[in-house]
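I have placed the structure first, in the form of structure tokens, so that the comments after it can refer back to it.
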Amino acid sequence: MRGLNPQLLDTSRGDLIPQTGFNAVLDAHGLYDGQRFVIRLSPQVHDLIASLPQGIAITSEATGDQIQAFSTYLHETIHWWQHIGSTCGFMLSLSYPTQTHANLSHLRRFLEQVGPVKSIRRWVEGNPGSRDMESPSATANIIVNNQFDMNAYRFLATNPERANEVVHNPMFENHAHCYSIALGNGVAALSSLFDRDHELMPDPRAWQSELGKLRKAREAGFYYGSPIELSPIGAYHLFEGQARFAQLQYLHFATGGEFEWDDAERLGMMGPVYVAAFKDFLQRTGFARPDTIDHPTVALFLLVCDIAINPSETFPFPVHDPRFFITDVDPGMRFIYLCTIIKLQFPDMRTAITQYSASEYVDVSTKLCEALKTRTPLAIVQEVNRWVENGPAFAACLADHDAGRAASKNQPLQVLFGQFAAFSRDKARLPHMLCWPGAHMAGLRASEDFIGLFSRQSPMFIDRADDTTIVPVLRKGLDEATVMGRFQDFYNGHALYDFSYQWITRPGPFSYDFSWLRPDGTTQEIKGWADRIFASVYGVSPDDFTILQS
């Protein structure tokens with residue numbers, strides 16, 4: 001196919017591990033920042049999307065460059081959906097704020113016992129002391145271990161092939177423990193807001209008790225020093241594969257079938273990170289690479305990704321069988337098992353999906369999930385919808401989201417769950433469109449239903465075309481002042497999480513790298529703003545801290 005511009009298509013990535021800086025997007029044409037919950041686009045892509053006749057919408061009048069730029073925006077929007085709409089991605093998104101929530105009482109206790117000292121990790125190294133639960137050393141170790149476990153969870157869930165250093169660290173307890181700590185604290189943080197008595201949500205204490213029994217029985221993966229089996233595939237590969245192949249399908253259908261594999265390869269769109277999961281899928285199922293991008297095999301791959309990144313155990317359902325806890329919640333292992341099940345039980349699924357329909361989605365996902373002995377992604381969102389129907393606090397959170405606002409208590413968590421609930425509501429109605437968006441936003445299947453869905457599920461935050469500043473996306477029908485207020489409060493919470501993370505982990509003084517939030521503020525104004533947020537929670541200023549030397 002002629003007329004393609006590699007400067008609009010060749011690189012795009014979803015960053016899952018927390019980044020230390022925030023710079024202009026000049027070396028990639030788009031990215032999703034999973035720490036700051038923002039989609040970022042290059043100035044060129046921004047300009048082309050803004051030039052569409054109807055703004056960000058599907059249109060038959062779009063030029064080739066506009067279609068290509070829109071495909072990059074779709075790719076990054078899918079990363080947003082993955083992080084805010086899948087259970088794996090949602091728990092990953094919660095893991096950064098819950099690092100602070102899980103440690104909040106311990107951090108305040110540390111201040112009472114030791115005083116304002118940074119970093120806590122450095123203090124632990126110099127003060128091994130007593131492990132009596134009332135001692136400062138015990139408090140500090142809980143803080144550091146909680147943060148380590150959640151960081152370990154992020155690595156194991158997203159990039160297990162890079163996790164050797166993590167699992168061989170003396171602080172690493174075991175595979176099940178770090179998953180349990182991260183997922184348990186995520187569920188606990190939500191239940192503290194919406195369901196304190198666990199009338200609807202699962203209670204983490206139940207599965208943690210069962211995991212303790214497996215630890216005592218020295219079951220592999222459940223005790224300290226246990227052998228670790230790391231998957232070659234993680235959520236990072238699944239997220240990138242899902243986003244890239246949906247993008248390829250959009251380009252294929254938007255060009256009337258002209259865009260094909262050779263175009264994608266020539267433009268550098270088939271780099272290792274984007275095809276790792278697809279190659280693994282083909283190898284494990286025994287399927288040959290299909291001749292065309294719209295082949296049913298590609299549709300099946302996208303559905304397998306959807307199932308793999310949506311474990312149901314711990315959230316929103318209880319743990320079904322603690323013995324299989326690790327494989328039930330780990331996205332990479334789920335993916336491997338699904339591929340194996342297809343090869344052994346359902347080889348005919350290679351050509352099962354031809355219409356990208358809701359009935360095909362339900363039929364194939366039900367068969368695979370029954371064989372995997374897990375719940376379908378559709379059952380997951382239906383359960384979340386049940387929470388909203390039967391839990392007043394859940395319903396209020398979703399209503400606030402629909403109005404562009406959020407309750408003030410633990411506001412970032414309110415915002416994130418409101419978005420997750422809104423996504424679940426749409427997925428319960430249109431699961432096939434969210435599984436195969438590239439096939440439903442162009443060509444014969446493009447519809448008003450998808451245009452409305454895409455608008456409702458647009459990213460909440462995006463960078464501006466002319467600088468590194470983050471701004472909220474104003475959805476149709478929302479009050480701009482209300483949305484801006486929610487945006488400011490959300491990132492006030494982000495500043496608290498960032499400072500708490502620094503306090504625990506990073507050596508040296510506190511860093512005030514928040515110009516991306518307050519571009520017009522002076523250095524002193526930014527510092528004053530961040531200091532006030534920190535002091536309002538901990539009762540001390542960052543200026544009061546003694547900085548320990550490494």
Side-chain angles (χ1 to χ4, degrees), residues 78 82 86 88 157-161 229-249 252 260-261 264-265 269-312 324 326-357 359-378 431-432 434-439:
I78 291 171
Q82 290 161 342
S86 74
C88 171
T158 61
N159 292 90
E161 84 290 357
E229 183 177 350
L230 296 175
S231 168
I233 295 293
Y236 178 72
H237 312 94
L238 299 176
F239 286 173
E240 289 296 357
Q242 187 182 41
R244 176 62 94 216
F245 279 77
Q247 180 186 10
L248 295 178
Q249 286 204 328
H252 176 86
E260 269 298 349
W261 296 120
E265 289 169 351
M269 298 181 73
M270 304 294 284
V273 68
Y274 307 113
V275 302
F278 188 62
K279 284 186 174 181
D280 194 88
F281 168 79
L282 295 178
Q283 187 271 323
R284 293 183 190 278
T285 57
F287 296 159
R289 194 183 89 162
D291 294 333
T292 61
I293 290 174
D294 66 338
H295 192 276
T297 301
V298 178
L300 178 61
F301 166 71
L302 291 171
L303 179 52
V304 168
C305 288
D306 186 42
I307 298 171
I309 65 175
N310 276 290
S312 62
F324 302 106
I326 298 170
T327 52
D328 280 343
V329 299
D330 183 89
M333 292 182 182
R334 290 169 59 83
F335 179 79
I336 289 171
Y337 278 109
L338 285 164
C339 294
T340 304
I341 286 169
I342 290 170
K343 180 177 182 178
L344 296 178
Q345 299 185 36
F346 303 111
D348 291 346
M349 282 186 179
R350 178 176 179 270
T351 56
I353 301 167
T354 59
Q355 301 302 312
Y356 302 91
S357 65
S359 60
E360 289 173 331
Y361 180 93
V362 170
D363 178 57
V364 177
S365 64
T366 299
K367 289 176 180 175
L368 288 176
C369 288
E370 285 179 350
L372 192 61
K373 300 188 185 306
T374 190
R375 293 176 175 86
T376 65
L378 191 55
H432 56 305
L434 286 165
C435 181
W436 301 301

Output for pair (Ser86 OG, Leu238 CG), nearest 0.5 Å, gives 10.0 Å
What I'd like to find out is whether the side chain of Pro347 reaches to under 4.5 Å of the side chain of Ile342, using heavy atoms alone. no
Minimum heavy-atom distance between Pro296 and Ile353, given as atom pair plus value: CB-O, 3.0 Å
Mind running salt bridge (Lys or Arg N to Asp or Glu O under 4.0 Å) on Asp330 and Arg334 for me, showing each step along the way? CA-CA 6 Å; Asp330 183 89; Arg334 290 169 59 83; over 6 Å; no
From the list Thr376, Ile307, Asp363, side chain to side chain contact (heavy atoms under 4.5 Å, CB included) with Leu368 holds only for Ile307
For Asp294 and Gln249, work out which heavy atoms get closest and say how close. CA-NE2, 4.1 Å
Side-chain contact test, heavy atoms from C-beta onward, threshold under 4.5 Å: evaluate it for Ile336 versus Ser231 and give yes or no. yes
What verdict does the side-chain contact (heavy atoms from CB on, under 4.5 Å) test give for Ile78 and Phe239, after you've listed the backbone C-alpha separation in whole Å, the side-chain angles of each residue and the deciding distance to 0.1 Å? CA-CA 8 Å; Ile78 291 171; Phe239 286 173; over 6 Å; no
Using atom types as modelled and distance alone, determine if a side-chain donor or acceptor of Trp436 lies under 3.5 Å from a backbone N or O of Gln355. no
Member of Asp291, Thr292, Ile293 meeting the side chain to side chain contact (heavy atoms under 4.5 Å, CB included) criterion with His295: Thr292
Around atom CD of Glu229, are there more than 12 heavy atoms of other residues, nucleotides or ligands at under 6.0 Å? no
Tell me the closest heavy-atom pair linking Ile326 and Met333, and the distance in Å. CG2-SD, 4.0 Å
Give the minimum heavy-atom separation between Leu282 and Ala288, together with the two atoms involved. CD2-O, 3.9 Å
With no hydrogens and no angle check, is any side-chain donor or acceptor of Arg244 less than 3.5 Å from a backbone partner on Met269? yes
Should Glu360 and Lys367 be marked as a salt bridge (Lys or Arg N to Asp or Glu O under 4.0 Å) after you check the CA-CA gap, both sets of side-chain angles, and the distance that decides it? CA-CA 11 Å; Glu360 289 173 331; Lys367 289 176 180 175; over 6 Å; no
Do His237 and Thr158 have side chains that approach each other closer than 4.5 Å (heavy atoms only, starting at C-beta)? no
Quick one: does Glu240's side chain have a donor or acceptor within less than 3.5 Å of a partner on Val273's backbone? no
Side-chain contact test, heavy atoms from C-beta onward, threshold under 4.5 Å: evaluate it for Asn310 versus Cys88 and give yes or no. no
Working to the nearest 0.5 Å, report the span between NE2 of His432 and CG of Leu302. 14.5 Å
Is any side-chain heavy atom of Arg350 closer than 4.5 Å to one of Thr285? no
When every non-hydrogen atom of Ala299 is compared with those of Tyr356, the smallest separation belongs to CB-CE2, 3.5 Å
With under 30° as parallel and over 60° as perpendicular, where do the rings of Phe301 and Phe278 fit, or are they tilted in between? perpendicular
Less than 4.5 Å apart, any side-chain heavy atom of Arg289 and any of Lys279? no
Compare every heavy atom of Ala308 with every heavy atom of Leu338, then report the nearest pair and how far apart it is. CD1-N, 3.9 Å
Thr340 and Tyr337, any side-chain heavy atoms less than 4.5 Å apart: no
Would you say the side chain of Pro290 lies within less than 4.5 Å of the side chain of Trp261, judging by non-hydrogen atoms? yes
Around atom CZ of Phe287, are there more than 12 heavy atoms from other residues, nucleotides or ligands closer than 6.0 Å? yes
